[in-house]
2 protein chains.
Amino acid sequence: MPKKYHHGDLKNALIQAGVEILAKEGVGGLSLRKVAQRAGVSHSAPYAHFPDKQSLIAAISTEGFNQLYAELEAAISSHSKNPKKQLIEGVQAYVHFAMENLDTFKIMFSGVLEKEKDYSSFVDISSKTFKLVVEVVQACQNAGVLPAAPADLMAVSVWGQVHGIVSLALEGQVSHTVLDKHSIQDIVLVSIEQLINS
Amino acid sequence: MPKKYHHGDLKNALIQAGVEILAKEGVGGLSLRKVAQRAGVSHSAPYAHFPDKQSLIAAISTEGFNQLYAELEAAISSHSKNPKKQLIEGVQAYVHFAMENLDTFKIMFSGVLEKEKDYSSFVDISSKTFKLVVEVVQACQNAGVLPAAPADLMAVSVWGQVHGIVSLALEGQVSHTVLDKHSIQDIVLVSIEQLINS
DNA sequence: GCGAAAATCTTGACACCGTCAAGATTGTGG
DNA sequence: CCACAATCTTGACGGTGTCAAGATTTTCGC
């Protein structure tokens, strides 16, 4: 697949370097020039592979979504006969991904990427992820675990719930009176159970 | 309160200029130098009032939270005898604020402000806002509208649900199969009703 | 009310940033 | 093998956050 030119596979090396800088210095520390330096090329070499910085960010975000999708699917497919467990394990995996890849998660969901619809592979993997959520929700509905609203709408409810709590927590907006007593994992689980039919 | 020096009340003028640039050019277009220029002062005048750019962003975010708090309280206090209506109107007000002040909302919640706990007035107003949510949730619980879990935990659930859906929608992560059929307002309302005791 | 001290603002500089143009180098296909 | 395309380097440009030095204005103790 990737042909070897001067560097080898600079495009992926740049994405990888970006992920590393992101993890080490946060979103504010991510610059094209640092990415280039870490990959061992000159400051404008990236322009052979990405038309601009936004495009590299799109690639990093896409990579993040691919990983998130993989982890979600792994969590779900381990319990293919138990929709409720699929839901719970999927939620756990989502929270786990966010906490383990804090800045990648931020870049994926915090508006750093400004015109996401311009990047088709980003749109592809993120809508594929949404479809995965819809499937689990639908299975839960068929099993009577979730209410019988339209599946895509219910999927937005469930995903929104999880995503919102995680986002607020990462943003420091969840009061310490709550965080002192419960982990984010627990808070999300308790919240999701409010949506589940008793 | 604000004494008049050379400019008059440059500190607030800078915050206002920041809000305007934010609305016109988005988060990416917000620079200290543009803010200074719009306020009619030299490029480093802001340093008399803010130690760095993050500090100005904190002030803008704080201003945003003040406005959000005011709108939430207005929505809630119009229905002081009907907790369920308070909840629904409060949620509507939250969604309305997000959509009317898109980039301010982003700056408040999207990790642009990196060390939020360093800014005490930001912490004050945001925890005050959280307390407001807890109060409404508690009133709903007393009226049997919401389940009887610990109020602060339930508040995180409710706020997280609303905030998550709004965030995902603003990020373009809500599938068009949903958005074509429902407004964000409707989606959030339908979702919240899943949490309300029937 | 006056003069010292503090607050405010300007000017100029620095390093870093994203981006582009010109050219050098390297791989590929006819 | 050679023209061409892909890849990478060098150098430049304007914009950015920040700091230092100095000018200007207000405040405050006497």
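These figures come from a predicted structure and were not determined experimentally. Chain A is the first sequence line, chain B the second, and so forth, proteins listed ahead of strands; every chain is numbered from 1.
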**Student:** With respect to the side chain of Tyr47(A), which nucleotide from dG18(C), dT16(D), dT9(D) is positioned closest?
**Tutor:** dG18(C)

**Student:** Do any N or O atoms from the side chain of Glu25(B) and from the backbone of Leu30(B) form a donor-acceptor pair under 3.5 angstrom?
**Tutor:** no

**Student:** Output the single nucleotide from dT18(D), dC8(D), dT19(C) whose closest atom is nearest the side chain of Lys53(B).
**Tutor:** dT18(D)

**Student:** Check whether any side-chain nitrogen or oxygen of Ser44(B) sits under 4.0 Å from OP1 or OP2 of dT10(C), and answer yes or no.
**Tutor:** no

**Student:** When we call it a touch if two heavy atoms are under 4.0 Å apart, what does Lys11(A) touch: a base, just sugar-phosphate, or nothing?
**Tutor:** nothing

**Student:** Which part of the nucleic acid, if any, lies within contact of Ser42(B), taking any heavy atom under 4.0 Å across all strands shown: a base, the sugar-phosphate backbone alone, or nothing?
**Tutor:** base

**Student:** With hydrogens left out and only the distance checked, is there a donor-acceptor pair under 3.5 Å joining Arg33(B)'s side chain and the base of dG15(D)?
**Tutor:** no

**Student:** Taking the six-membered ring for Trp, is the centroid-to-centroid distance between Phe130(A) and His176(B) below 6.0 Å?
**Tutor:** no

**Student:** Just call it for His43(B): base, sugar-phosphate, or nothing, with non-hydrogen atoms closer than 4.0 Å on any strand.
**Tutor:** base

**Student:** Can Ser157(B) and Ser191(A) be counted as having a side-chain donor-acceptor contact under 3.5 angstrom?
**Tutor:** yes

**Student:** Taking the side chain of Ala48(B) as its heavy atoms from C-beta onward, which of dC8(D), dT19(C), dT8(C) lies nearest to it?
**Tutor:** dT8(C)

**Student:** To the nearest Å, give me how far apart CG (Leu14(A)) and P (dG18(C)) are.
**Tutor:** 13 Å

**Student:** Does the separation of the ring centres of Phe65(A) and Phe109(A) fall below 6.0 angstrom?
**Tutor:** yes

